[in-house]
There are 2 protein chains.
Amino acid sequence: MEAPADVDELLARAKALGGRTVPEVAGALGVELPPDPKRAKGFMGQLVERALGACPRAGDGPDFPELGVELKTLPIAGGRVRESTFVCTAEVAEAATLSWERSRVRRKLRRVLFVAVERQRPWRYGAAWLWTPSPEEEAALRADWEELMGAIGAGEVEAIDASRGRWLQLRPKGATAACRVKAYDADGAPIWAPTKGFYLRASFTRGLLHAQRLR
Amino acid sequence: MEAPADVDELLARAKALGGRTVPEVAGALGVELPPDPKRAKGFMGQLVERALGACPRAGDGPDFPELGVELKTLPIAGGRVRESTFVCTAEVAEAATLSWERSRVRRKLRRVLFVAVERQRPWRYGAAWLWTPSPEEEAALRADWEELMGAIGAGEVEAIDASRGRWLQLRPKGATAACRVKAYDADGAPIWAPTKGFYLRASFTRGLLHAQRLR
DNA sequence: ACGGATCCATCATTGGATCCAG
DNA sequence: CTGGATCCAATGATGGATCCGT
């Protein structure tokens, strides 16, 4: 699948997935289903990337570099978002000096294509829509980001838990809880800190889903 | 194989390999020989690491962290060193600010266990000896390092070729010539530079081998 | 419900070096 | 001979997320 030429084409492709089942779409792409779905946690996201023609080597950049669009799947059950949404890993080592404007979170969330996936078997694609933060949303996300990164920069990285932040939270990220990354304490001395990732709370994406239904 | 308790034990183990063939040592360790030796370029080095009990997760540190010893194999044919010796990748991005004292090259070469390997079939282990740079050797290596890193720091990374440096040279390093690493030009602007590695010229290690034979 | 823990894939980097064309 | 190119393995970081115990 080649990359979509513009945002309209991308959105049309995503909407066209609506109602189709995951096994059906995987089969059409020649992708095998994982033997143990409970362990292939990223499978849904990677399948949608292929189905929509996302850049296979996106790396740090957005999934659709030409369009500046990031792709996220939203697991839905009983009409409600079931999980928080991973945004990116936290730049722990640069927490004290990085600005919101240059942050990964802001880059990732500048324009997002959400694709809902109904989690009752057989898994089935649902709604798809583009989201760009409104000025109010961006201000709130920024406030969360600045609070959380500020705490890391102040050397509190060990003490931060997932209860902080209204819409963005920080949670462990990595293969195990033992994963560590280089960081600096409040005095600038190097330390090994737990790996952290930013997540959008489900309460936030529930709001987006609701707003989208009203359109 | 557990790690040697001290340098004497390490050296004794290395000398005990002398005269044994590579297939024989591999067999004793339960290691299979690579199907196509021409493509398994690092096999010899990794086999000796296992045979001597080097730290399997050395990463950035020395092969024997407790002893501060780095292990290098030297391919020999007709009594002469056949190849240059890879030391480490060059810290291209930090070229302008890094000092010799903190450099990877110096750390790697502070104490080296050389193990000669006779390259006429069947490959066979030869001499083994410890080397620490004499003040004169270190001064010469430092001069090469400072010249080469200075050139990188001055933005000449594209222009440096392997003919520079008396004993240390810079050569491409990586999977292909297209490999690039982040660097900075003379004005401090970010660029993508070719990946480089430091090598000891064969003329240098020939001298070490000769000196060792005279002892 | 949700905070903490975990799982897989892929790419980049580094370490181990030797290959090979001119 | 030797400067330039390449090859394999292991690790770490990041991106894709969901699992699961309380």
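Letters go in sequence order (proteins before strands), and every chain restarts at 1.
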Distances under 3.5 Å between protein N/O atoms and the N/O atoms of nucleotides 2-5 of chain C, please, pair by pair.
from, atom 1, to, atom 2, distance (Å)
C/dG3, OP2, A/Ala162, O, 3.3
C/dG3, OP2, A/Gln169, NE2, 2.7
C/dG3, OP2, A/Arg201, NH1, 3.0
C/dG4, OP2, A/Ala162, N, 2.7
C/dG4, N7, A/Arg171, NE, 2.9
C/dG4, O6, A/Arg171, NH2, 2.9

Parallel, tilted or perpendicular: ring planes of A/Phe204 versus A/Trp131, cut at 30 and 60 degrees: perpendicular

Residues forming a salt bridge (Lys or Arg N to Asp or Glu O under 4.0 Å) with A/Arg201, sequence neighbours excluded: none

Could you tell me how far apart [X] ([atom1]) and [N] ([atom2]) are, to the nearest whole angstrom?
X	N	atom1	atom2	answer
A/Met44	C/dC8	CE	P	18 Å
A/Lys182	C/dT13	NZ	C1'	16 Å
B/Phe43	C/dC19	CZ	P	14 Å
A/Gln46	C/dC7	CD	C1'	11 Å

For a quick check of understanding: with a heavy-atom distance under 4.0 Å over all strands, which category does [X] fall into, base, sugar-phosphate or nothing?
X	answer
B/Arg164	nothing
A/Asp36	nothing
B/Arg119	sugar-phosphate
A/Gly45	sugar-phosphate
A/Pro37	nothing

Toward the 5' end of DNA chain C, by each residue's nearest nucleotide, A/Gly174 or B/Gly42: A/Gly174

Upstream residue (5' side of DNA chain C) when B/Trp123 and B/Lys72 are each assigned their closest nucleotide: B/Lys72

A/Leu74 vs B/Ala178, nearer the 5' end of DNA chain D by closest nucleotide: B/Ala178

Interface residues of residues 85-92 of chain B with DNA chain D (non-hydrogen, below 4.0 angstrom): none

Partners passing ring-ring contact (aromatic ring centres under 6.0 Å, His included) against B/Tyr184 (at least two apart in sequence or in another chain): none

Donor-acceptor pairs under 3.5 angstrom involving side-chain atoms of residues 146-160 of chain A: please list them, not counting sequence neighbours.
from, atom 1, to, atom 2, distance (Å)
A/Glu146, OE2, A/Arg142, NE, 2.8
A/Glu146, OE2, A/Arg142, NH2, 3.3
A/Glu147, OE2, A/Arg164, NE, 3.1
A/Glu147, OE2, A/Arg164, NH2, 3.2

A/Lys196 side chain vs A/Ala90 backbone, donor-acceptor pair below 3.5 Å: no

Pairs touching residues 24-36 of chain A that satisfy salt bridge (Lys or Arg N to Asp or Glu O under 4.0 Å), sequence neighbours left out: A/Arg20-A/Glu24

Of all pairs that satisfy salt bridge (Lys or Arg N to Asp or Glu O under 4.0 Å), the ones with a partner from residues 112-124 of chain B, not counting sequence neighbours: none

Between A/Thr89 and A/Arg104: side-chain donor-acceptor atoms closer than 3.5 Å: yes

Whether over 12 other heavy atoms sit under 6.0 Å from A/Arg111 CZ: yes

A/Arg180 atom CZ, over 12 foreign heavy atoms within 6.0 Å: yes

Residue pairs involving residues 65-84 of chain B (criterion ring-ring contact (aromatic ring centres under 6.0 Å, His included); sequence neighbours excluded): none

Selection residues 36-92 of chain B - residue pairs positive for ring-ring contact (aromatic ring centres under 6.0 Å, His included), sequence neighbours left out: B/Phe86-B/Tyr199

Evaluation steps, side-chain contact (heavy atoms from CB on, under 4.5 Å), between A/Leu52 and A/Leu113: CA-CA 11 Å; A/Leu52 298 181; A/Leu113 172 62; 3.9 Å; yes

Contact residues, residues 13-35 of chain B to DNA chain C [heavy atom, < 4.0 Å]: none

Sorted by number, the residues of residues 98-111 of chain B with heavy-atom contact under 4.0 Å to DNA chain C: B/Arg104, B/Lys108

Nucleotides bounding contact with chain B, strand DNA chain D, heavy-atom threshold 4.0 Å: D/dG3 to D/dT11

